[in-house]
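Worksheet: one structure, shown below.
A, B, ... follow the sequence lines: proteins, then strands. Residue 1 opens every chain.
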Amino acid sequence: MPLGSLPKGQINPFNLFTKRMRWTKTLIPTLKEDPADAESVSHKLMLRAGLIRKLSAGIYIYLPLGQRVLNKVVNIIRSEMDRAGALEVLLPALQTPELWEKTGRLKDMADIIYQFKDKSGKPCMLGPTHEEIITYLVANEVSSYRQLPVTLYQIQTKFRDELRPRFGIIRSKEFLMKDAYSFDADETGLNKSYQAMDQAYRRIFDRCGLNYKCIEGDSGAMGGHFSQEFMVPSPAGEDIFVTCSKCDYAATLMLVKCQPAPTGAKADKQPLKEVATPGTTTIEAVGKLLNVSAQQMVKTMICLAGEKPVAILLRGDHELNLSKLAKLYSGSLSGSELLPGIVGCPKGGTADWSFRMDHNRQASTAALLGEANITLAEPALIEKVTGGPLGFSGPVGLQSRNGVPIISGKGITIIADHAVMSMSNFVTGANKKDAHLLNVNLDRDFKPTHVADVRVVTEQDPCPVCQSPLKINNGLEVGHIFQLGTKYSKALEAMFLDEKGARHPVIMGCYGIGVNRIIAALIENAYDDNGIIWSTELAPYNVLIISINPADKTIAAVSTELYDQLTAKGIDVLWDDRDISPGVKFKDADLIGIPTIVTVGKGTIKDRTVDIKDRKTGRKQIVSFEKATDVIMTNV
RNA sequence: CGGGGCGUAGCGCAGUCUGGUUUAGCGCGCCUGCCUUGGGAGCAGGAGGUCGCCAGUUCAAAUCUGGCCGCCCCGACCA
C-alpha cells in the first residue's frame with residue numbers, strides 16, 4: 001500500500017490491535033546538559049539519552065529505552081546460547097551460605113557478598129555468582145556418563161558489594177550476567193564444550209556490533225588450562241591488555257612474559273660510592289637529584305611471602321608483577337641457589353573467572369595468590385628487614401648486617417628481575433635514611449638468590465610470539481570463558497559413573513557475559529558529539545519518524561502510514577509526535593541514536609517526499625513516498 | 001579502606017571565604033495562554049526549595065563550629 005493512499009480517518013488494518021509508539025506516550029526523559037556525577041562517556045550518554053537513572057551508588061533504574069536495549073542484548077545472547085546447545089535455567093538470586101562454606105568461597109568472597117538473616121534467624125545471601133548452585137544441581141540430578149555432556153546457562157541478576165562501584169553500569173552492585181556452566185566426562189569433552197562457547201561468544205559480540213578482542217586470560221594457578229577474555233577497548237575499561245602490532249597475540253597485562261635482556265659487554269665496574277639523598281624516596285626524585293635515568297637505577301621492594309620477607313630487585317622504570325611472583329611461589333621457590341631464569345610452574349590454587357570478572361584488581365590478585373599469599377611489606381617491616389626506612393632500600397648488605405644474618409638461617413631471599421642482570425654501575429638505596437649508593441654492581445656488591453621474570457611487561461618489550469612491538473590497551477571485560485576443572489565438582493561431590501562403573505568428578509567449564517556492560521561498551525565505542533550511535537541489532541528502535549508539525553493533518557497522515565508500513569515489515573519504529581520546535585527533536589534524535597531518522601515536514605511532503613537520514617554517517621536522502629519504505633528497509 | 005572534591009527547585013549552577021543587603025537567586029526543564037514549526041524559537045503569566053541531616057555558637061546561620069549521612073574522582077602494585 002503506497003503512502004498517501006489511505007483516506008483521512010481510516011483505521012490502518014496493521015494497527016487494529018497495537019498502539020503506535022508515540023514519543024508523547026512513552027517516557028524518554030532526555031537531558032540537555034551533562035549530569036554532574038557522570039564521568040565516562042557511556043555513563044553520561046546513558047543518563048542524557050534517558051536510558052537509566054541512578055537510585056544509589058552502583059544501583060540503576062532502567063527506563064523504557066534502556067530496558068529495550070537490554071532486552072535486545074538478552075535476546076541475542078539467548079538465541080546464540082540455544083543455538084550452541086546450552087539449556088536455559090533460572091537459579092535463585094537469593095541463596096543460603098551452606099554450599100559456599102563447602103567450597104571455601106564464603107570466606108574468599110566475604111567482602112563482596114551481601115549477607116543477612118531472615119526473620120527466623122536463618123542466614124541468607126544474595127548470589128554474587130552461581131558456581132555453587134549449579135554444581136549442587138548437577139550433583140543431585142546427574143549421575144551417569146549418559147547424561148553428559150550438558151551445558152546449562154541462565155541470565156540472572158548478581159549482587160556484589162563492590163569496593164568501589166563506578167562508571168555507571170560498568171561496575172555496579174547489581175548487574176545482569178549471563179553465566180553458563182559446562183559439565184563433561186573428560187578433558188576432550190571439556191574442550192569441545194569450551195569451543196562451542198568460544199564460537200557462541202564470538203557470534204554474540206559480532207551481532208551486538210562490538211569492536212572486541214579475544215585475549216588470553218589469566219588462568220591463574222590452573223596449570224595447563226586455558227581462559228579467554230573478551231575485551232572491548234575503551235578508556236573507561238578497568239582492565240589492561242596487551243596486543244601485538246603484527247601477529248594475533250593478545251593477553252591480559254599481568255600474563256605477558258618478559259624476555260631476558262641481551263647480556264652485552266658490561267662496563268667497567270666503578271668504585272662503590274655512597275651519596276646523601278635527603279628526603280628523596282622515589283625513583284623519580286632520586287633520578288632528578290643525582291641526574292641519572294630510571295633505567296640506571298634498581299629499586300628494591302620488600303614483599304611478604306606468607307610470613308617470610310623477600311626482596312625483589314627491579315630496574316627503576318619497571319613495575320613489580322605480583323601475579324608472576326605468586327606463580328613463582330606456587331611453583332615452589334624454596335632453594336636458595338642462583339637459578340638462571342626460573343619461571344613459575346603453577347599448580348593448584350583458587351583461580352576462578354567469575355570472581356575475577358567484575359572485581360577489582362586487588363581482589364583478583366588476592367584470588368590468584370592462593371596459598372602463596374604475597375603482599376607488599378609495611379614500612380615498619382621494611383625498616384626491620386633493611387635497616388633503613390621506606391624509600392632507601394637496596395640489595396647491598398641485605399643478607400647480613402655487621403656480619404650477622406638479618407634473617408635467621410640462610411638469609412633473605414633476593415629475587416632479581418632478568419632486566420637487572422644486564423645492568424652495571426647502577427644506583428640503589430643504601431639501607432639507611434637519606435642515602436643512596438652509586439656504582440653498585442652484581443657479584444661484587446651483592447648476589448641475588450634467584451633470577452626470574454617478575455615484572456610487568458612494557459611497550460618496550462617485544463611480543464613473546466613474534467618479537468614485534470607490543471601495544472598496551474585499556475579494555476572493558478565483557479566476557480570470560482574458562483576451563484574450570486573439578487574444583488567445584490570435587491568440593492560439592494558432583495560425581496558421575498563411567499561405562500565401567502567408576503566414580504569421577506564431572507569436569508566443568510564456566511562462561512560469563514556482563515549483559516549490561518555490553519551496552520556501556522558499545523556506547524564507549526560508538527558515539528559522537530551529538531550522542532549515541534547504536535548498532536543495528538542493539539538500537540532500542542530501528543527507525544525514528546520525526547513529524548515536524550504533527551498538528552498538520554497531512555504530515556500526521558504520512559507519518560502514521562509510514563509507521564504502519566514499517567511496523568508491518570517487523571521494524572521497531574518510534575514516532576516523535578511532540579508539538580515542539582524541530583531543533584529539539586533533531587537534537588534528541590541524534591542523542592538517543594536511532595540508526596535511521598525519517599523526517600516528515602512541510603518542505604518535502606509537498607513534493608510527496610520524505611527525508612531519510614543515517615545517524616552514523618549523517619547522510620541524508622530525499623525519497624518519494626512510494627520508495628520510502630524500501631529505502632529504509634535497506635538501511636535497517 | 002586512604003586521599004581529594006561536592007551536597008542550594010526535576011537538571012546544571014551562583015550565593016558560603018567576609019553571618020544581616022534574600023521574601024534564597026540564575027539558566028534549562030515543567031504548567032497555562034498566545035504565537036511558531038527543517039537543527040535545543042518568541043511573548044505573557046505561573047508552580048516548584050525543611051539550602052543533605054543532627055547538634056552547637058549568635059540578637060541573627062545556606063553562610064561559622066562539631067558530628068553524621070550521601071554522591072563523585074583518584075588510589076589501594078610500581079618505595
Side-chain angles (χ1 to χ4, degrees), chain A residues 29-40 43-44 47-48 50 53-59 111 163-168 240 253-254 277 280-286 294 297-303 311-326 360-366 368-369 374-379 381-383 386 388-394 417 428-429 431 436 454-456 458 530-531 546-552 555 578-591 597-605 610-611 613 618 620 622:
Chain A
T30 57
L31 302 171
K32 202 183 273 190
E33 294 175 273
D34 278 341
D37 56 5
E39 194 72 15
S40 67
H43 190 195
K44 280 181 191 169
L47 288 163
R48 284 193 55 207
R53 284 294 181 261
K54 183 174 71 184
L55 176 65
S56 174
I59 306 176
D111 280 353
L163 276 91
R164 185 182 164 200
R166 57 176 137 184
F167 302 140
I240 302 173
L253 179 71
M254 294 303 166
T277 52
T280 40
T281 60
T282 64
I283 290 287
E284 198 190 348
V286 173
M297 293 189 248
V298 165
K299 62 182 164 192
T300 305
M301 301 182 70
I302 307 299
C303 294
I312 315 295
L313 306 184
L314 294 163
R315 205 172 81 188
D317 57 329
H318 286 154
E319 293 176 31
L320 175 61
N321 186 329
L322 271 180
S323 170
K324 284 182 181 173
L325 190 59
N360 73 12
R361 192 146 297 289
Q362 181 188 34
S364 70
T365 304
L368 286 168
L369 296 181
I374 297 187
T375 52
L376 289 179
E378 299 292 322
L381 182 72
I382 293 174
E383 193 134 10
T386 67
L390 183 149
F392 299 98
S393 305
D417 182 73
T428 74
N431 292 327
H436 279 76
V454 289
R455 68 183 172 91
V456 178
T458 68
N530 296 314
I546 295 178
S547 302
I548 293 295
N549 179 4
D552 181 295
I555 289 175
R578 292 176 296 174
D579 185 18
I580 50 172
S581 88
V584 177
K585 298 193 200 188
F586 291 130
K587 287 289 183 189
D588 274 348
D590 289 343
L591 177 59
I597 301 161
V598 184
T599 305
V600 183
K602 230 195 294 190
T604 57
I605 58 170
V610 294
D611 183 323
K613 178 186 157 185
K620 284 185 183 176
I622 307 290

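As rounded to the nearest Å, B/rU65 and B/rU16 have P atoms that lie 14 Å from one another. Using P as the reference atom, B/rC13 and B/rC6 are 12 Å apart when rounded to the nearest Å. With P as the reference atom, B/rA41 and B/rU23 are 35 Å apart, rounded to whole Å. One C1' atom belongs to B/rA14, the other to B/rU58, and the distance between them is 26 Å to the nearest Å. To the nearest whole angstrom, the two P atoms, one in B/rG27 and one in B/rG33, are 23 Å apart. Comparing the same atom, C1', in B/rC1 and in B/rG12 gives a spacing of 32 Å after rounding to whole Å. Nucleotides B/rU22 and B/rG3 are separated by 41 Å at their P atoms, to the nearest Å. Taking atom C1' in both B/rG25 and B/rU32, the straight-line distance is 24 Å, to the nearest Å.
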Tell me which donor-acceptor pairs under 3.5 Å the side chains of residues 31-38 of chain A have, and how far apart each pair is, sequence neighbours excluded?
from, atom 1, to, atom 2, distance (Å)
A/Asp37, OD2, A/Lys54, NZ, 2.7

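Between A/Met297 atom CE and B/rC78 atom C1' there is a gap of 13 Å when expressed in whole angstrom units. Between A/His436 atom NE2 and B/rA79 atom P the separation is 11 Å, expressed in whole Å. Nucleotide B/rC78 holds its C1' atom 7 Å from the CG atom of A/Leu320, rounded to whole Å. Counting to the nearest Å, the P atom of B/rA76 and the CE atom of A/Met301 are 11 Å from each other. Remark: C1' of B/rC78 and CD1 of A/Ile283 are 9 Å apart, rounded to the nearest angstrom. The distance from atom CG of A/Leu314 to atom P of B/rC78 is 12 Å, rounded to the nearest whole Å. In this structure, A/Lys324 atom NZ and B/rC78 atom P are separated by 17 Å, rounded to whole Å. Distance A/Asp34 CG to B/rG12 P: 10 Å, rounded to the nearest Å.
Checked options A/Ile548, A/Ile546, A/Asn549, A/Val610; the residue passing with A/Val600 is A/Val610 (criterion: side chain to side chain contact (heavy atoms under 4.5 Å, CB included)).
Applying the side chain to side chain contact (heavy atoms under 4.5 Å, CB included) criterion to A/Thr604, with sequence neighbours excluded, gives A/Thr609, A/Ile622. Evaluation of the salt bridge (Lys or Arg N to Asp or Glu O under 4.0 Å) rule for A/Arg578 yields A/Asp576, A/Asp588 as partners, not counting sequence neighbours. Not counting sequence neighbours, the partners of A/His43 by the ring-ring contact (aromatic ring centres under 6.0 Å, His included) test are A/Tyr60. Remark: A/Asp552 pairs with no residue by the salt bridge (Lys or Arg N to Asp or Glu O under 4.0 Å) rule, at least two apart or across chains. Remark: A/Ile382 pairs with A/Ile302, A/Ala377, A/Thr386, A/Leu390, A/Ser393 by the side chain to side chain contact (heavy atoms under 4.5 Å, CB included) rule, at least two apart or across chains. With sequence neighbours excluded, the residues satisfying salt bridge (Lys or Arg N to Asp or Glu O under 4.0 Å) with A/Arg455 are A/Asp417, A/Asp461.
The partner of B/rC11 is B/rG27, judged by Watson-Crick or G-U wobble contacts that both fall below 3.5 Å. For B/rG70, the paired nucleotide is B/rC6, the pair qualifying as Watson-Crick or G-U wobble because both relevant distances are below 3.5 Å. B/rG75: Watson-Crick or G-U partner is B/rC1, with both key distances under 3.5 Å. The base-pairing partner of B/rG20, taking Watson-Crick or G-U wobble contacts with both distances under 3.5 Å, is B/rC59. Pair assignment for B/rA44 gives B/rU32, based on Watson-Crick or G-U wobble hydrogen-bonding distances that are each under 3.5 Å.
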Shorter than 3.5 Å, N or O on both sides, protein versus nucleotides 72-75 of chain B: list them out with atom names.
from, atom 1, to, atom 2, distance (Å)
B/rC74, OP2, A/Arg164, NH1, 3.3
B/rC74, OP2, A/Arg164, NH2, 2.3
B/rC74, OP2, A/Arg166, NH1, 3.3

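In this structure, A/Ile580 and A/Lys585 approach most closely via the heavy-atom pair O-CE, 3.6 Å. Heavy-atom minimum distance, A/Thr281 versus A/Phe392: CG2-CE1, 3.7 Å.
At the phosphate of B/rA79, OP1 or OP2 sits under 4.0 Å from a side-chain N or O atom of A/Lys299.
Salt bridge A/Lys613/A/Asp590: present, at least one basic N to carboxylate O contact under 4.0 Å.
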Per-nucleotide protein contact string for nucleotides 25-41 of chain B, where B marks a base within reach and S marks sugar-phosphate only (heavy atoms under 4.0 Å, - for neither)
--BS--------BBBBS
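Sequence order on RNA chain B of the closest nucleotides to A/Pro35 and A/Ala377 puts A/Pro35 first from the 5' end.
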